[in-house]
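Have a look at the structure below before the remarks.
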Amino acid sequence: MATAGKHTPGPLVIGLTGGIGSGKSTCAALFSKLGVPIIDADELAHALVAPGEPALAEIITAFGPEYLAADGQLDRRRLRQQVFAEPASRRRLEAILHPLIRFNIKELVNSVQAPYCIVSIPLLLETGQTDLVNRILVIDIPEALQLSRTAARDRLAMGEIRPVLESQANRSERLAAADDVISNAGSQDELAEKIQTLHKKYLSLSARN
Ligand code: ADP
């Protein structure tokens with residue numbers, strides 16, 4: 001945005017996305033190690049429903065007191081089951097949370113001092129939030145690997161992961177939207193090398209901003 005004749009561009013904003021278990025958190029941690037600011041939509045969503053937050057009160061009003069656990073925390077598991085079972089519930093929850101998450105992302109991007117930042121948004125494409133970012137970085141892995149890594153990480157059965165996978169954009173939809181793609185079918189060391197290469201690319205792109 002131009003202010004008093006002085007051009008003050010914001011940082012280059014990279015939207016990091018990919019399916020469950022594709023390696024978003026792992027990639028974000030690698031970028032973070034290189035000093036890149038990370039804005040994580042999942043973390044923002046968690047913070048928004050902490051006890052005492054207005055969004056938690058809104059959710060309880062919309063869904064009912066049975067979604068509040070005895071310790072005052074949101075019963076996330078119960079809510080997740082409900083929104084996967086009923087699309088209308090999912091839309092109701094999104095209508096409460098998404099505007100707040102968007103607002104917080106914009107605020108955080110505005111405060112970034114670095115040449116570029118990573119905004120990790122698992123449902124970047126599904127929720128039509130691509131206007132928040134300048135480029136889309138997709139983490140791509142074959143579905144079988146996605147299932148096995150998620151099962152190992154979350155100690156879940158494949159049958160529990162499938163509905164999540166099916167509710168998300170598929171591999172080809174993601175690849176079609178990508179400006180950059182990282183394949184995470186290899187080792188963690190290979191991934192770190194790929195992140196290094198992208199880091200250089202993003203620094204050079206942001207210098208031209
Ligand atoms: P997401 O954040 O996209 O759900 P994670 O970054 O948590 O995915 O990765 C899913 C799981 O796979 C984690 O347990 C992570 O440690 C593991 N993982 C990620 N990348 C690799 C890799 N290249 N090789 C082996 N395991 C990996």
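Every number for a ligand or one of its atoms is a count from 1 in the order of the listing. Being a predicted model, the structure only gives us computed values, none of them experimental.
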P122 contact mode with ligand 1 (heavy-atom cut-off under 4.0 Å): neither

Atom indices of ligand 1, in the order listed, that fall short of 4.0 Å to a heavy atom of G19: 3 (O)

Shared hydrophobic cluster, I20 / V138 (ILVMFWY, side-chain heavy atoms < 4.5 Å): no

Closest approach of any protein heavy atom to atom 20 (N) of ligand 1, naming residue and atom: N184 ND2, 3.0 Å

Residue pair E126 / A169: nearest heavy atoms and the distance that separates them: OE2-N, 2.6 Å

Identity and separation of the nearest protein heavy atom to atom 16 (O) of ligand 1: Q188 NE2, 3.9 Å

Under 3.5 Å donor-acceptor, N184 side chain and D140 backbone: no

Same apolar cluster: I38 and L123, side chain cutoff 4.5 Å: no

Sub-4.0 Å heavy-atom contact, S187 with ligand 1: yes

Other residues, nucleotides, ligands: >12 heavy atoms within 6.0 Å of E193 CD: no

Parallel, tilted or perpendicular: ring planes of Y116 versus H199, cut at 30 and 60 degrees: tilted

Closest protein heavy atom to atom 6 (O) of ligand 1, given as residue, atom name and distance to 0.1 Å: T26 OG1, 2.6 Å

Side chain to side chain, K201 and D180, heavy atoms closer than 4.5 Å: yes

N or O pair under 3.5 Å between L191 and ligand 1: no

For atom 2 (O) of ligand 1, the protein heavy atom that lies nearest, with its residue and separation: S25 OG, 2.6 Å

Nearest-neighbour protein heavy atom for atom 8 (O) of ligand 1, which is reported as residue plus atom name and distance: G23 N, 3.1 Å

R153, CZ atom: more than 12 neighbouring heavy atoms under 6.0 Å: yes

Closest approach of any protein heavy atom to atom 17 (C) of ligand 1, naming residue and atom: R149 CD, 4.2 Å

Ligand 1 atoms in contact with K24 (distance to a heavy atom under 4.0 Å): 1 (P), 2 (O), 3 (O), 4 (O), 6 (O), 8 (O)

Atom indices of ligand 1, in the order listed, that fall short of 4.0 Å to a heavy atom of G186: 22 (C), 23 (N), 24 (N)

Neighbour count above 12 (heavy atom, 6.0 Å) for E66 CD: yes

Heavy-atom nearest neighbour in the protein, as seen from atom 13 (C) of ligand 1, with distance rounded to 0.1 Å: R153 CD, 3.9 Å

